[in-house]
Structures are given as C-alpha cells and as structure tokens.
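Note that the coordinates shown come from a computational prediction; the quantities given were computed from them, not determined experimentally.
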Amino acid sequence: FLIPGILLTVVPSFFMGDGSGSENPVFAFITGMIAISAMILPGISGSYIMLVLGEYQIVIGKLSNLLQVDSILFLSAFGLGCLIGLILFTHIVKWLFKSYKSHTMTFLLGLILGSFFILWPFKDYSAGQTIVGRSGEVKRDIQI
C-alpha cells in the first residue's frame, strides 16, 4: 500500500499537460470532485491536480470574469463538484479508516513520501522554467 501511494503522487507529474483544459461544465464538475478529494489527502494538492488536468488557469480566468454567464455556470458546476466530492470522499475515507486502518495509514504515508519528489530539491531547473500568464505571456523566467 506504500508503493501505490507513492506512485499516485509521482506519476501525475510526468503527465502534466500544456495547460489546455476544457471549459465544459461537466469536466469542471469532475475536476472539482477530484481536486477537493486531493485536498483531503496529505501529500497531494488540489491545485496541483487542477494543473495536471489543465483546469487551474481556466478556473482562475473564470473567477476574474465572475459576472459573465458562462463563468457563473462553469464555477457553479465546479463548486457543486467540490461539494459532492467532499461529502462522498470523506465518507469513503471514514469507511477505509474503520475497515482497513493500517492499510490506509500506509497508503497515506506513501502519499506523503511521494510528495517529496514534487518538491524543489528533486527538480532540475538548471535548464530553466517559465511562469506563464493566462494570455500566454511569460511572466517570469526561473533559472537556478
């Protein structure tokens, strides 16, 4: 149970896309469910999951245009997904702790250990990284 926990935090970093997600409210709902579930678990960030799915910039963009109808619809679907995901996932975690406490704790330890891979010392920024704004412009170059 330790190895799957480590893999669950390490593997998504290899599939990080180009940041192009979907503005579909159904995908926003699913993203909300997954992101809020990740926030409950140690070692996984909800915003990191949203980055992997390509939805982070879209949600931020919709928040900046909050008064538009499509933004309200998108953010409502995202919020509803967060609410339902939170309710469902907390019940699942509660059941797992009740039924399989040692396995669940081992899995959670794997999540925490796997999150070390995402942290800076294991990343090679010598080739440079960029922080890109919503419209695609480079906000900052990172060179270590």
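- Expressed to the nearest 0.5 Å, how far OG1 of T106 lies from CG of L111 amounts to 11.0 Å.
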N/O donor-acceptor pairs under 3.5 Å from side chains in residues 75-97, not counting sequence neighbours:
unit_1	atom_1	unit_2	atom_2	d
S76	OG	I72	O	2.6
T90	OG1	L86	O	2.8
T90	OG1	I87	O	3.0
H91	ND1	I87	O	2.6
W95	NE1	S99	OG	3.3

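- Grouping the Ile, Leu, Val, Met, Phe, Trp and Tyr side chains by contacts below 4.5 angstrom, directly or via other members, places F74 with I60.
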Applying side-chain contact (heavy atoms from CB on, under 4.5 Å) to N65 and S71, what does each step give before you reach the verdict?
CA-CA 6 Å; N65 298 320; S71 294; 3.8 Å; yes

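- Taking the side-chain contact (heavy atoms from CB on, under 4.5 Å) definition, one finds that A35 meets it with M50, sequence neighbours left out.
- The backbone N or O of M33 lies less than 3.5 Å from a partner atom in the side chain of S37, making a donor-acceptor pair.
- Pairs passing the salt bridge (Lys or Arg N to Asp or Glu O under 4.0 Å) check and including a residue from residues 95-114, sequence neighbours excluded, do not occur.
- Listed by first and then second residue, the salt bridge (Lys or Arg N to Asp or Glu O under 4.0 Å) pairs that reach into residues 60-82 are E23-K62, K62-D70, sequence neighbours excluded.
- In terms of the side-chain contact (heavy atoms from CB on, under 4.5 Å) criterion, residue partners of V26 (sequence neighbours excluded) are, by chain and number, N24, I30.
- S22 contributes atom OG, which lies 6.5 Å from atom CD1 of I58 (distance to the nearest 0.5 angstrom).
- Listed by chain and residue number, L2, V10, L113 satisfy the side-chain contact (heavy atoms from CB on, under 4.5 Å) test with I6 (two or more places apart in sequence, or in another chain).
- In this structure, CD1 in I36 is found 11.0 Å from CG in L41, a value given to the nearest 0.5 Å.
- Partners of P42 according to the side-chain contact (heavy atoms from CB on, under 4.5 Å) rule, which considers only residues two or more places apart in sequence or in another chain, are L108, I112.
- For Q68, there are no side-chain hydrogen bond (donor to acceptor under 3.5 Å, both in side chains) partners, not counting sequence neighbours.
- Crowding of F27 atom CZ: a count of heavy atoms from other residues, nucleotides or ligands under 6.0 Å exceeding 12.
- Tracing side-chain contacts under 4.5 Å through hydrophobic residues (I, L, V, M, F, W, Y), one never reaches L66 starting from V69; they form parts of separate clusters.
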Run the side-chain contact (heavy atoms from CB on, under 4.5 Å) check on L8 and F107 step by step: do they pass?
CA-CA 10 Å; L8 186 63; F107 180 77; 3.7 Å; yes

